[in-house]
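Everything on this sheet refers to the single structure shown next.
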Amino acid sequence: MTTPAIEARGLSKTFGAGSEAVHALDDVSLTIRQNEFFTLLGPSGCGKTTLLRLIGGFEQPSKGDVFLEGQQLTGLPPFKRPINTVFQSYALFPHLSVGQNIAFGLEMLGRPKEEREARVEQMLDLVKLDGYANRKPAQLSGGQQQRVALARALASQPKVLLLDEPLSALDLKLRKEMQIELKRLQTETGITFVFVTHDQEEALTMSDRIAVMENGHILQIGSPTEIYEHPQRRFVADFIGETNFLEGRIETAGHSAVARLACGSSLALNGQAGSTDGEAVTLAVRPERAIIVPAGGASSEGGLPAKVGAVVYMGTDTTYHLTLADGTPFVVRSQNSEGARLDLANGADVTVQIAPAALQRLAD
């Protein structure tokens, strides 16, 4: 078995004491694989940056330990860890050229001049900034400065690169371009990246695996597909993309089960044998996994009756905002393929069809 790049065991971090104490992390354990793009995702205050700082050595845990390739890091300062960090602010030295910024860490490590110069050229080629070595940071765009910061962090060939929301200051178009660049850099260098963000799209676009965090805990770890398609908890389903929630109770018949919803309709559930009659259940349905059909037709049988509240044309797709019989809001999104778009007026009666495979039963 390959030794993990990073392993956290029972990490807790408390700031302050007594009634003023803030519990930023509570008994967090996780394993980050070698050469993995691993993302810590969650809202502000969930503990993701604190966890990153514990890995980097900028904070020490109240409890627990951090290991790098099996070696304990707890107690070591940042400069004694083979880990580099790229922060939200680029933190480039304004009086140094691009080349000097990239070479700075190598110079601090005592590397010879010839090695530094060769490494700077390699890094500039890697981040596609050939010819920029003599420019000052003030002469660069935001995206170019971010690339220089990445080149400087990668120049010393760290075992792990930590990235604390490095794209948040960029405009939308540049941020999307840099998402692709970051994934390319991680793939080409083979370095383990640990990325912190609150942006779900960033996490889904770049990550090999994602850890979703809330209130100092990790709720779920999985691939982007697993996190999006099979969320285990309501918070995860709600935080990652748009989700419809349906509340109901289980009704069993032999080896099959249905959910009797608050709106009065029932939905068949896959693989729910053993569920208890009357057990409360919450189901998650992604808007693109539901289908709208006109009310009254043969294809409307067995679906959820609904009324159209609003229709929003988005270019590539159309979003239908509906209301179920009990007043529960429900959103359906469908692509605007040839002949697929429905011309529905506000207040129109429709039926929502949901395949059992599109239903995800949540733990809470």
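Since the structure is predicted, the reported quantities are computational estimates derived from the model, not experimental observations.
- In this structure, Lys173 pairs ionically with Glu177, as a charged nitrogen and a carboxylate oxygen lie closer than 4.0 Å.
- Summarising the geometry, atom CG belonging to Leu362 is positioned 6.0 Å from atom OG1 belonging to Thr282; distances are rounded to the nearest 0.5 Å.
- Thr192 and Asn35 are not linked by any side-chain donor-acceptor pair at a separation below 3.5 angstrom, with hydrogens and angles left out of the test.
- Geometrically, Arg135 engages Tyr132 in a cation-pi contact, judged by NZ or CZ lying under 6.0 Å from the ring centre and within 45° of the ring axis.
- Salt bridge Arg209/Glu226: absent, no basic N to carboxylate O contact under 4.0 Å.
- More than 12 non-hydrogen atoms from other residues, nucleotides or ligands lie less than 6.0 angstrom from CD of Gln72.
- Between Lys48 and Leu41, the shortest heavy-atom distance links the atoms CD-C, 4.3 Å.
- A perpendicular orientation is assigned to the rings of Phe58 and Phe87, their planes being inclined by more than 60° (bins at 30° and 60°).
- Transitive grouping of hydrophobic side chains (ILVMFWY, heavy atoms separated by less than 4.5 Å) keeps Val148 and Leu106 in distinct clusters.
- Atom CD of Glu121 is surrounded by 12 or fewer heavy atoms from other residues, nucleotides or ligands within 6.0 Å.
- The side-chain tip of Arg152 does not point at the ring of Phe104 from less than 6.0 angstrom away and within 45° of straight on.
- Side chains of Gln186 and Lys183: a donor-acceptor N/O pair is present below 3.5 angstrom, by distance only.
- Summarising the local packing, NZ of Lys159 is surrounded by 12 or fewer heavy atoms from other residues, nucleotides or ligands at distances under 6.0 Å.
- The shortest distance between side-chain heavy atoms of Arg289 and Ile354 does not fall below 4.5 Å.
- For an aromatic pair to be called close, the ring centres must be under 6.0 Å apart, and Tyr313 with Tyr320 fails this.
- Checked against Glu242 for a side chain to side chain donor-acceptor pair (under 3.5 Å), the options Arg333, Gln200, Arg286 give a single hit: Arg333.
- Both cation-pi conditions hold for Arg9 and Phe67: the charged atom is under 6.0 angstrom from the six-membered ring centre and inside a 45 degree cone around its axis.
- Counting heavy atoms from C-beta on, the side chains of Val98 and Leu124 come closer than 4.5 Å.
- Within a 6.0 Å radius of CD in Glu188, other residues, nucleotides and ligands contribute more than 12 heavy atoms.
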